[in-house]
Amino acid sequence: MIRGRVGGRKRLYCGVVNVNAATAGLAALIGLGTGVSGALAFRFSERERVGPPEPPNDDPVPPGVAAVLQVLRSSAVVLDASDAVVKASPAGYAMGLVKARSLTSPELLELARQVRRDGEIRQVEMDLPHGANSMLHSTVRIAPLGATLVLVLVEDRTEARRVDEVRRDFVANVSHELKTPVGALSLLAEAVQSASDDPEAVRRFAARMQQEAHRLTALIQDLIDLSRVQIDAPLAASAQLVPVADVVADALDRSYEAASSRRIELIADVEEDVMVRGDRTQLAAALGNLVENGVNYSPEQTRVAVTVKLVGELVEIAVTDQGIGIPERDLERIFERFYRVDPARSRATGGTGLGLSIVKHIAATHGGEVTVWSSEGNGSTFTLKLPVHAGQRDLAAAS
């Protein structure tokens, strides 16, 4: 009986050992799971802190170049080794240099290939097509970018070229216009000297000298006026409210004697309370030029009329004459400096060729414009359109 109990104890002891072993194994598994969970949590936390790995960069353009291309004033295009466009600035697309990942200009493409071959930077002036019927005068600079890329920079110089041409023409025209009266004065002075013993001839030549001196003075004054109104700036802060009736009165007074001598009637139809904001002297000069042209190019015993009316937010000041009119082919050019429809007639009337150009710039300075209607043999109507004063506009709307 004792052995049996002993044996039972052994069996009972063995059972206890098995239970303890299972408990230890379960604890080990739990510990392992906890460790793995902690490791994963650490890795996840580290990934959150550092961020996801960046994808591989397949862009062949060096870092930072793309950002620079976006802010360049010039149109920029980057070509790869196969002449395909890999990057282009917005200006490049707007200028029409790129289409379907290719340069649209064969000349540019050939220059880019030459640069890729020899690595030499090239800069040329060339005309590039823009749209169906226009060309852009451009400065092109092409340089290697890295081992295989080529950078093409194109700057549109069309407007700058036009300004240069206008400046050259202006200098040439001024030189010619100044040379004519100066040369005439020189010849007349010689004539006076040689006719010193003929009082009648001296008086005649002296009168001609006065005419040429007046013409020279008028030309210089017009040049001064034009230079003042061509300043690229808004109307001065000193601009004031100007009654249009006063401007019309100043303009008519300027041409009163010339009109009276040729029996040309000056008529005005003006509302007394119409106001604009601006420079009274400039506005009177602009309208005075229009009235003076009407008088100079009208036959005797005709009329020149000035009318003022409100049209929406504009004051329209129209000068209508019964003169010789302007050919249709010349209407688009009459506001150019020194342009004359009839040069011989202009010189006979003492015109400088700058009056209408001055009117155009004064109108633009005041936020308006000048337009023309004309028919050969039936006269002309020049209309100066200016923004109405805000208070005047409110008053007109209320009425």
Side-chain angles (χ1 to χ4, degrees), residues 170-227 249-267 281 284-306 319 321-327 330 334 336-359 376-377 379-380 382:
F170 180 72
V171 172
N173 287 328
V174 167
S175 301
H176 175 74
E177 295 295 333
L178 290 174
K179 182 179 178 180
T180 302
V182 170
L185 285 171
S186 177
L187 292 174
L188 289 169
E190 293 178 5
V192 169
Q193 186 176 14
S194 61
S196 57
D197 56 348
D198 186 351
E200 181 62 28
V202 170
R203 284 193 293 270
R204 185 171 65 253
F205 291 142
R208 288 286 308 279
M209 290 177 70
Q210 286 181 337
Q211 293 178 0
E212 295 299 331
H214 176 74
R215 179 181 170 189
L216 183 60
T217 301
L219 176 59
I220 294 174
Q221 185 60 52
D222 280 350
L223 288 172
I224 294 173
D225 293 341
L226 184 61
S227 66
D250 292 345
L252 294 179
D253 287 343
R254 174 174 169 176
S255 297
Y256 177 77
E257 292 185 4
S260 298
S261 65
R262 301 176 58 202
R263 291 177 292 177
I264 295 177
E265 184 180 7
L266 299 180
I267 301 174
T281 301
L287 188 59
N289 282 340
L290 296 180
V291 174
E292 186 177 4
N293 275 358
V295 171
N296 289 339
Y297 292 96
S298 294
E300 293 185 0
Q301 299 184 8
T302 57
R303 63 174 53 181
V304 174
V306 180
V319 179
D321 62 56
Q322 298 173 322
I324 59 177
I326 303 169
D330 296 310
I334 58 174
E336 296 179 11
R337 290 169 291 188
F338 296 111
Y339 185 79
R340 294 184 176 95
V341 176
D342 184 353
R345 178 68 182 270
S346 295
R347 290 188 173 89
T349 59
T352 64
L354 292 174
L356 291 179
S357 179
I358 292 173
V359 174
E376 285 189 90
S380 306
F382 288 85

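Bear in mind that the values here come from a model prediction, so they are computed numbers and not experimental data.
Gln193 CD: 12 or fewer foreign heavy atoms inside a 6.0 Å radius. Atom CZ of Arg303 is surrounded by 12 or fewer heavy atoms from other residues, nucleotides or ligands within 6.0 Å.
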Are Leu266 and Val295 close enough, and set up right, to give a side-chain contact (heavy atoms from CB on, under 4.5 Å), and what steps lead you there?
CA-CA 9 Å; Leu266 299 180; Val295 171; 4.0 Å; yes
Residues Asp321, Thr302; criterion side-chain contact (heavy atoms from CB on, under 4.5 Å); working and verdict
CA-CA 8 Å; Asp321 62 56; Thr302 57; over 6 Å; no
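Between the Asn289 side chain and the Leu356 main chain, no donor and acceptor come within less than 3.5 Å of each other. Proximity of a side-chain donor or acceptor of Arg254 to a complementary backbone N or O of Glu292 within less than 3.5 Å is not detected. Judged purely by atom type and a 3.5 angstrom limit, Ser255 has no side-chain atom pairing as donor or acceptor with the backbone of Leu252. A side-chain donor-acceptor contact under 3.5 Å links Ser261 to the backbone of Ala258. At distances below 3.5 Å, not a single donor-acceptor pair connects side-chain atoms of Glu376 with backbone N or O atoms of Pro327.
Here the CZ atom belonging to Arg263 is positioned 5.5 Å from the CD atom belonging to Glu300, to the nearest 0.5 angstrom. Between atom OG of residue Ser298 and atom CG of residue Asn293 there is a gap of 9.5 Å, rounded to the nearest 0.5 Å. We find the CG-CD distance between Leu216 and Gln211 to be 13.5 Å, quoted to the nearest 0.5 Å. With rounding to the nearest 0.5 Å, the separation of CZ in Arg208 from CD in Glu212 is 6.0 Å. Between the CD1 atom in Ile324 and the CG atom in Asn296 there is a gap of 10.5 Å [rounded to 0.5 Å].
Between Pro299 and Gly323, the closest heavy-atom pair is CD-CA, 3.8 Å. The minimum heavy-atom distance between Met209 and Val192, with the atom names listed, is SD-CG2, 3.9 Å. Smallest separation of non-hydrogen atoms from Ala284 and Ala251: O-CB, 4.2 Å. Across all non-hydrogen atoms, the minimal contact from Ala195 to Val202 is O-CG2, 3.1 Å.
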